[in-house]
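Below, chain A is the first sequence line, B the second, and so on; all start at residue 1. Atom set for the values below is all heavy atoms of this structure, side chains included, hydrogens, waters and symmetry mates excluded.
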2 protein chains.
Amino acid sequence: MLNATTASLPLAHEVLAAVLQVRQESLQVLLWERGMEPHAHRWSLPGGRLRADEDVESSIRRQLAEKVDVRQVSHVEQLAVFSAPDRVPGPRVIATAFLCLVPSHMDPELPDDTAWHPVESLPHTAFDHGAIVLRARNRLRAKLSYTNIGFALAPPAFTISALRELYSAALGYRVSATNLQRVLARRGLLAPTGETSRPGRAGGRPAAQFRFADTSMAVTDPFAVLRPPGERR
Amino acid sequence: MLNATTASLPLAHEVLAAVLQVRQESLQVLLWERGMEPHAHRWSLPGGRLRADEDVESSIRRQLAEKVDVRQVSHVEQLAVFSAPDRVPGPRVIATAFLCLVPSHMDPELPDDTAWHPVESLPHTAFDHGAIVLRARNRLRAKLSYTNIGFALAPPAFTISALRELYSAALGYRVSATNLQRVLARRGLLAPTGETSRPGRAGGRPAAQFRFADTSMAVTDPFAVLRPPGERR
DNA sequence: TCAAAAGTGTTTATACTACACCCATGA
DNA sequence: TCATGGGTGTAGTATAAACACTTTTGA
């Protein structure tokens with residue numbers, strides 16, 4: 001089946017996280033500035049080598065803890081493997097990349113070398129990390145439409161217009177608050193908290209607060225078509 | 001950032017393929033029976049070690065060639081990384097799993113140790129390969145609904161009722177030919193070939209033949225809701 | 001009483017399903 | 001001419017967008 005002399009070379013495995021959060025009305029990613037070669041002064045994704053006793057998801061959760069409080073990470077999912085033989089200089093390293101989300105009300109303390117950057121205007125990135133960030137953004141955008149993943153971007157309670165801001169920032173285009181409300185309500189994702197939030201100085205009707213009915217990811221539109229007989233959304 | 005003495009251990013990386021095809025009205029997967037320990041006589045996925053000069057996708061395509069003619073594989077996509085430390089006995093091996101599809105009109109010659117098995121009644125599988133197969137089936141089912149991935153299961157030309165059989169087998173429930181036709185036609189995926197196929201001995205109107213307009217995967221229902229303004233399906 | 005922001009009602013368009021009905025063939 | 005399988009017409013329902021209108025507040 002395989003020729004051990006040519007086929008099997010030991011190599012290293014790393015895990016990388018594209019940690020996304022909506023900050024200042026734009027979708028941003030957590031990057032740290034490399035101090036040393038290779039690619040010194042370029043910005044790279046948090047992560048590092050996989051240890052012998054952990055799977056990739058445990059590993060990325062452990063390594064993220066060096067940058068942000070793990071309790072502030074609301075969602076973690078595998079994104080893809082990046083495996084081009086020359087993706088990093090020197091000995092070969094395969095990377096498993098993750099998409100991680102932080103809700104908008106969190107503002108984790110960051111190490112000095114670490115900062116948030118808008119996904120739409122990334123700084124000079126190291127290795128293939130820029131491509132990984134864009135892939136993560138695309139995955140998030142797709143899932144906002146057919147899952148309840150918005151819960152991972154939002155605070156525990158929020159107004160519809162605040163939620164609209166989050167969706168608009170993540171999707172990159174204006175979303176209507178009216179229709180967002182109706183889509184999420186029809187799918188049973190929104191539950192009213194009963195609270196309202198005070199209007200700003202300019203006045204206006206107080207906004208009702210909502211929360212997401214579930215706080216783990218679920219597919220809410222599983223069959224765009226070709227639904228099994230008898231199943232209703 | 002990382003402590004080289006504890007964090008970085010060399011390890012092996014393998015690629016595995018869940019090759020799916022609709023055969024005899026059921027979704028089947030290509031497995032080979034292990035001759036040697038560990039897990040002798042259990043059935044496992046084709047694949048093997050990643051070589052130094054190839055990325056994971058090149059590797060799975062190369063290794064599949066030992067089982068089936070590569071030209072018969074109509075679609076290849078990354079599925080997920082399987083990385084539990086004890087997923088295989090002995091030295092640690094991380095696996096990148098792929099979903100691969102073979103169109104229903106192909107019947108590749110197989111090595112003696114290799115055979116097709118219905119996904120719904122898998123034999124005793126080796127390691128975590130059973131879970132990988134189920135994950136591949138779920139991915140295929142989801143994508144049948146919002147992409148044109150059906151092209152990878154179907155022959156170059158087909159009747160709607162033949163296509164209905166393929167979708168029904170892959171999805172695991174009966175699909176209506178009428179509505180399948182209209183959904184795919186509305187999305188512009190079907191093109192008539194002009195040919196018709198002869199009715200069987202029992203008679204019946206000759207069926208028009210169609211082909212898929214595209215033969216590479218594209219998302220056809222990108223935003224179930226929350227579509228950008230102005231974009232129509 | 002006016003401006004601002006939130007929320008609701010209503011119209012229109014489209015997507016999808018279900019099912020009745022018509023069509024073209026073999027026996 | 002009948003059984004069989006293929007294909008179309010059409011109505012009913014669900015989904016969603018657009019936009020006008022009402023509600024509730026601060027100044």
Run the numbers on B:D107 and B:R23 for salt bridge (charged side-chain N to carboxylate O under 4.0 Å, His left out), then give the verdict. CA-CA 9 Å; B:D107 191 17; B:R23 301 176 68 86; 2.9 Å; yes
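- Considering only side-chain N and O atoms, B:R187 lies nowhere under 4.0 angstrom from the phosphate OP1 or OP2 of C:dT14.
- In this structure, the CD atom of B:Q209 is 13 Å from the C1' atom of D:dG6, given to the nearest Å.
- Applying the 6.0 Å contact sphere to CZ of A:R135 captures no more than 12 heavy atoms from other residues, nucleotides or ligands.
- Contact annotation: A:S161 reaches the phosphate of C:dA6 (side-chain N/O to OP1 or OP2, under 4.0 Å).
- Put simply, CE on A:M217 and OG1 on A:T147 are 5.0 Å apart, with the number rounded to the nearest 0.5 Å.
- When the C1' atom of D:dC19 is taken as reference, atom CG of A:L180 falls 17 Å away, rounded to whole Å.
- Put simply, the side chain of A:R182 and the base of C:dT10 share a donor and an acceptor less than 3.5 Å apart.
- An angle of 20°, rounded to 10°, separates the two end axes of the helix from C:dT1-D:dA27 to C:dA27-D:dT1, each defined over five pairs.
- Comparing C:dG7, C:dA18, D:dG7 against the side chain of A:A208 picks out C:dG7 as the nearest.
- Side-chain contact between A:P155 and A:L166 is present, with heavy atoms from C-beta onward closer than 4.5 Å.
- The separation between A:Q181 atom CD and D:dA18 atom C1' is 16 Å, rounded to whole Å.
- Phosphate proximity of C:dC16 to B:R186: present, with a side-chain N or O under 4.0 Å from OP1 or OP2.
- A donor-acceptor pair under 3.5 Å is absent between the side-chain atoms of A:E54 and the main chain of A:R62, judged by distance alone.
- Taking the six-membered ring for Trp and the full ring otherwise, A:H129 and A:W43 have centroids separated by 6.0 Å or more.
- A straight line from CG of B:L184 to P of C:dA15 spans 14 Å, rounded to a whole angstrom.
- What separates CG of B:L163 from P of D:dG7 is a distance of 12 Å, to the nearest Å.
- A salt bridge is defined here as a Lys NZ or Arg NE, NH1 or NH2 lying under 4.0 Å from an Asp or Glu carboxylate O, and B:D113 with B:K67 meets this definition.
- Atom CG in A:N179 sits about 13 Å away from atom C1' in C:dT12, given to the nearest Å.
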Could you walk me through whether B:H13 and B:V56 satisfy the side chain to side chain contact (heavy atoms under 4.5 Å, CB included) test, starting with their C-alpha distance in whole Å, then the side-chain angles of each, then the deciding distance to 0.1 Å, before giving a yes or no? CA-CA 9 Å; B:H13 198 101; B:V56 288; 4.1 Å; yes
For nucleotides 25-27 of chain D, tabulate all protein N/O to nucleotide N/O atom pairs closer than 3.5 Å, reporting atom names and distance.
residue	atom	partner	partner atom	Å
D:dT25	O2	A:G204	N	2.8
D:dG26	O3'	A:R201	O	3.0
D:dA27	OP1	A:R201	O	3.4

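- Residue side chain B:R164 does not reach the base of D:dG6 through any donor-acceptor N/O pair under 3.5 Å, judged by distance alone.
- The aromatic rings of B:F158 and B:F212 are tilted relative to each other, their planes meeting at an angle between 30° and 60°.
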